[in-house]
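Values reported hereafter were calculated over all heavy atoms of this structure, with side chains retained and with hydrogens, waters and symmetry mates removed. Naming: A, B, ... by sequence-line order, numbering from 1 per chain.
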Amino acid sequence: MPELPEVETTRRGLAMQLEGRKIARIEARRPDLRWPLPRDFAARIQGRRVLGLERRAKYILIRLENGPGQGDLIWLIHLGMSGRMLLRPGGWPNAIGKHDHVIFTTDAGWSVTFNDARRFGAMDLIEPGELASHKLLRDLGPEPLDDAFTPAALIAALKGRRTPMKSALLDQSVVAGLGNIYVSEALFRAGIHPERLAGCVSPKRLQRLVPEIKQVLLEAIAAGGSSLRDYVQSDGELGYFQTFFRVYGHEGDPCPACGRPVRRIVQAGRSTFFCAACQT
DNA sequence: CGCGCTCCCTGGCCGC
DNA sequence: TGCGGCCAGGGAGCGC
């Protein structure tokens with residue numbers, strides 16, 4: 001269930017065991033995920049030291065040591081819709097599942113299994129200096145938790161747009177990292193109707209939306225982080241999210257603010273949940 | 001160019 | 001219990 005908070009939680013869990021370690025052994029058990037893996041994928045990662053883990057939007061970026069005088073090699077990972085990273089002690093795993101597509105171990109004896117039933121996930125290797133121009137990263141908008149994501153920035157990004165607010169916030173070039181769930185949650189918190197056209201929402205209301213986006217993401221990350229174990233990987237399926245969401249997945253339930261039933265509509269082929277009384 | 005729709009793939013769940 | 005239909009959190013690509 002990876003949107004920004006789940007990806008960030010996964011990044012933190014991986015960082016605890018990977019930073020400073022070498023990738024001892026790695027195996028790609030099929031040649032492709034969403035797209036073909038890059039040439040010599042496993043061979044290019046095996047034996048390298050992990051310098052750090054970063055996140056951009058919903059992408060995890062693993063920085064790999066690349067020899068003296070050369071820039072770092074970046075291992076990009078996207079979890080897609082069903083991707084999970086399972087972190088376990090004890091070396092190469094004994095049991096390997098049907099959808100365990102990439103498996104690797106560290107020199108400290110931990111294993112990581114990338115499992116992705118729907119295979120919408122992706123991995124790539126990015127050469128030194130090519131991060132900013134990478135096809136999947138170059139058009140991304142601001143990180144919602146960055147100081148650069150301000151009401152003024154959002155107002156400018158939405159100016160003149162004739163698309164509904166729901167679709168606009170799903171557009172990763174407007175703000176990078178929100179997905180279907182947190183868009184519903186943020187619009188509910190900000191009291192903005194999801195069908196309202198983005199370019200027509202008043203600056204005053206967008207002023208309120210920006211801190212609500214930051215707040216809901218920070219709360220979700222805190223909820224995920226609090227459930228982090230150092231080996232059972234958190235991927236958001238632990239149950240703590242059901243109670244976290246105020247409208248998402250709550251069609252027909254009473255609105256937490258006014259008690260009227262939460263409604264579900266379909267926009268651009270995806271479910272949106274909202275309260276028709278509180279969101280105008 | 002901006003927008004909405006369709007599709008990629010697989011599994012889980014619901015109703016019959 | 002089996003089966004068909006529907007649903008799923010991402011996002012690229014295409015057509016209008």
task = Would you kindly compare A:Arg34 and A:His99 by the position of their nearest DNA chain B nucleotide and give the one closer to the 5′ end?
result = A:Arg34
inquiry  = Which nucleotide wins on minimum distance to the side chain of A:Phe120, given the candidates B:dT10, B:dC3, B:dC8?
reply    = B:dC8
key: Over-ring placement of A:Arg88 relative to A:Trp110, 6.0 Å and 45° cut-offs   = no
Complementary nucleotide of C:dC7, counting Watson-Crick and G-U pairs under 3.5 Å = B:dG11
ask   = OP1 or OP2 of B:dG11 sitting under 4.0 Å from any side-chain N/O of A:Ser82?
value = no
ask   = Given the rule in the side chain to side chain contact (heavy atoms under 4.5 Å, CB included) test, do A:Ile77 and A:Tyr59 qualify, once you have shown the distances and angles that lead to the verdict?
value = CA-CA 6 Å; A:Ile77 300 173; A:Tyr59 297 93; over 6 Å; no
task = May I ask you to say what A:Gln267 touches in the nucleic acid, namely base, sugar-phosphate or nothing, with a heavy-atom cut-off under 4.0 Å?
result = nothing
message = Nearest heavy atom decides the nucleotide; on that basis, is A:His78 or A:Phe273 closer to the 5' end of DNA chain C?
response = A:Phe273
query = Below 6.0 angstrom between ring centroids: does that apply to A:Phe274 and A:His193?
reply = yes
request  = With heavy atoms under 4.0 Å as the rule, sort A:Leu136 into base, sugar-phosphate or nothing.
outcome  = sugar-phosphate
query = Of the candidate nucleotides C:dG10, C:dA12, C:dA8, which contains the atom at the shortest distance from the side chain of A:Lys135?
reply = C:dA12
query = Nearest to the side chain of A:Arg270, which nucleotide is it out of C:dA12, C:dG10, C:dC7?
reply = C:dG10
inquiry  = Taking only the P atom of each, what is the distance from B:dC9 to C:dC14 in whole angstrom?
reply    = 16 Å
inquiry  = Under the rule for ring pair (Phe, Tyr, Trp, His ring centres under 6.0 Å), what residues qualify as partners of A:Phe188, not counting sequence neighbours?
reply    = none
ask   = Nearest of C:dA8, C:dA12, B:dC8 to any side-chain atom of A:Arg118?
value = C:dA8
key: Nearest listed nucleotide, side chain of A:Arg264, among B:dG4, C:dG11, C:dA8   = C:dA8
key: Plane angle bin for A:His101 and A:Phe114 - parallel if under 30°, tilted between 30 and 60°, otherwise perpendicular   = tilted
query = What distance, rounded to whole Å, do you find between the two P atoms, one in B:dC5 and one in C:dC7?
reply = 15 Å
query = Choosing from C:dA8, B:dG11, B:dC3, which nucleotide comes nearest the side chain of A:Met81?
reply = C:dA8
